[in-house]
Student: 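Can you read through this structure? Questions will come right after.
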Amino acid sequence: MACRVALALAVLASVAQALDVAVGLGHGDRVFVSVPRTDRRFTTQPDGFVHAFWHHRGKWQRFEIERAEGPGTVVSGDAVLLKAWTGRRLTAQGRAVHAHWSHAGKWQQFVIEAKGAEAGAPIMPGSTIFLQAHTGKRVDADAPDSPGVVQARFNHKGSWQELVIELHSRAATTTTQPPGGGGPRADRPP
């Protein structure tokens with residue numbers, strides 16, 4: 001029965017995409033994170049320095065969003081990790097935010113919150129979001145005293161902490177055998 005439900009959900013997601021109906025972001029999707037006022041994107045340099053100085057939409061600006069709990073739709077209140085093109089994850093270390101390490105621990109987890117949405121609401125491409133670090137502080141990159149510097153300093157949800165999450169591309173659909181066989185099961189819509 002669970003296999004049929006999973007297959008039905010995968011078919012519905014495929015139909016929704018074909019009809020250009022909004023589908024929430026999912027584990028493994030590739031995204032950009034931008035600062036709404038400046039339209040500059042989080043950028044990871046090869047040395048792991050993360051900033052929001054550039055408008056580009058290239059490889060250095062792309063992140064893979066991962067749910068800490070594993071595959072599924074990303075919803076407001078989820079703990080997520082953002083893996084840069086280097087294979088290293090966004091990390092909050094004190095006030096600093098960088099991508100020096102490939103760890104997937106607490107320092108790499110951020111609670112994603114959609115502005116004006118209830119907990120559990122899907123995070124949609126184009127959503128205004130907040131990212132709360134393990135320290136309880138939210139990520140900002142739009143402070144007048146340090147524009148473009150990505151850091152986690154304050155626990156409030158102000159305009160400096162507002163970010164926009166943009167879809168670059170969807171995760172590849174994976175097909176696996178459910179326990180006990182019984183045919184393919186789509187783990188993620190295309």
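Residue numbers start at 1 and run along the sequence shown.
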Student: Taking the side chain as every heavy atom from C-beta outward, state whether H56 and Q61 have any pair of such atoms under 4.5 Å apart.
Tutor: yes
Student: Report whether V150 and V35 are members of the same hydrophobic cluster (ILVMFWY, side-chain heavy atoms less than 4.5 Å apart, transitive linking).
Tutor: yes
Student: Quick check against the 3.5 Å criterion: does S34 have a side-chain atom that pairs as donor or acceptor with the backbone of P36?
Tutor: no
Student: Please give me the minimum heavy-atom distance between L81 and A68, naming the atom from each residue.
Tutor: CD1-CA, 3.9 Å
Student: So do the side chains of Q93 and W107 get within less than 4.5 Å of each other, counting heavy atoms only?
Tutor: yes
Student: Nearest heavy-atom pair of V97 and V50: which atoms, and what distance?
Tutor: O-CB, 4.0 Å
Student: I need the L163 CG to S127 OG distance, nearest 0.5 Å.
Tutor: 12.0 Å
Student: How are the rings of W85 and W60 set to each other: parallel, tilted or perpendicular (split at 30° and 60°)?
Tutor: parallel
Student: Report yes if some heavy atom in the side chain of V74 is under 4.5 Å from a heavy atom in the side chain of I65; otherwise report no.
Tutor: yes
Student: Looking at D39 and R41, is any side-chain nitrogen of the basic one under 4.0 Å from a carboxylate oxygen of the acidic one?
Tutor: yes
Student: Using 30° and 60° as the class boundaries, would you call the ring planes of H168 and F32 parallel, tilted or perpendicular?
Tutor: perpendicular
Student: What are the two closest non-hydrogen atoms of A171 and H27, and how far apart are they?
Tutor: CB-O, 3.7 Å
Student: For V111 and D78: C-alpha separation, side-chain torsions, deciding distance, then whether side-chain contact (heavy atoms from CB on, under 4.5 Å) applies.
Tutor: CA-CA 6 Å; V111 174; D78 271 351; over 6 Å; no
Student: In terms of ring plane angle, is the pair F49 and F53 parallel, tilted or perpendicular, where the classes change at 30° and 60°?
Tutor: tilted
Student: How long is the straight-line distance from CD1 of I112 back to CD of Q132, given to the nearest 0.5 Å?
Tutor: 12.0 Å
Student: Should the pair E166-R57 be classified as a salt bridge under the 4.0 Å nitrogen-to-oxygen rule?
Tutor: yes
Student: Salt bridge or not for E113 and R138, using N-O below 4.0 Å?
Tutor: yes
Student: What closest approach, in Å, do W160 and P144 show between heavy atoms, and which atom pair accounts for it?
Tutor: CZ2-CD, 2.9 Å
Student: Report yes if the side chains of S76 and I123 come closer than 4.5 Å at any heavy-atom pair, otherwise no.
Tutor: yes
Student: Mind checking the CE-CD1 spacing from M124 to I165? Nearest 0.5 Å is all I need.
Tutor: 12.0 Å
Student: Just verifying a value: how many Å separate K83 NZ and F63 CZ, rounded to the nearest 0.5 Å?
Tutor: 12.5 Å
Student: Measuring from L25:CG to T73:OG1, what's the distance to the nearest 0.5 Å?
Tutor: 9.0 Å
Student: Write down the atom of F42, the atom of A52, and the distance for their closest heavy-atom approach.
Tutor: CD1-CB, 4.2 Å
Student: Any ion pair linking D140 and R95 (charged N to carboxylate O, less than 4.0 Å)?
Tutor: no
Student: Would you find more than 12 non-hydrogen atoms of other residues, nucleotides or ligands less than 6.0 Å from K115 atom NZ?
Tutor: no
Student: Applying side-chain hydrogen bond (donor to acceptor under 3.5 Å, both in side chains), run through T91 and Q108 and close with a yes or a no.
Tutor: CA-CA 4 Å; T91 300; Q108 289 74 37; 3.0 Å; yes
Student: Can you check whether V23 reaches R170 side chain to side chain, under 4.5 Å on heavy atoms?
Tutor: yes
Student: Would you say the side-chain atoms of H134 and Q109 include a donor-acceptor pair closer than 3.5 Å?
Tutor: no
Student: What orientation do H103 and W101 show, parallel under 30°, tilted 30 to 60°, or perpendicular over 60°?
Tutor: perpendicular
Student: Could you state the interatomic distance from NE2 (H100) to CG (D47), rounded to the nearest 0.5 Å?
Tutor: 6.5 Å
Student: Tell me the closest heavy-atom pair linking P125 and L167, and the distance in Å.
Tutor: CB-CB, 3.9 Å
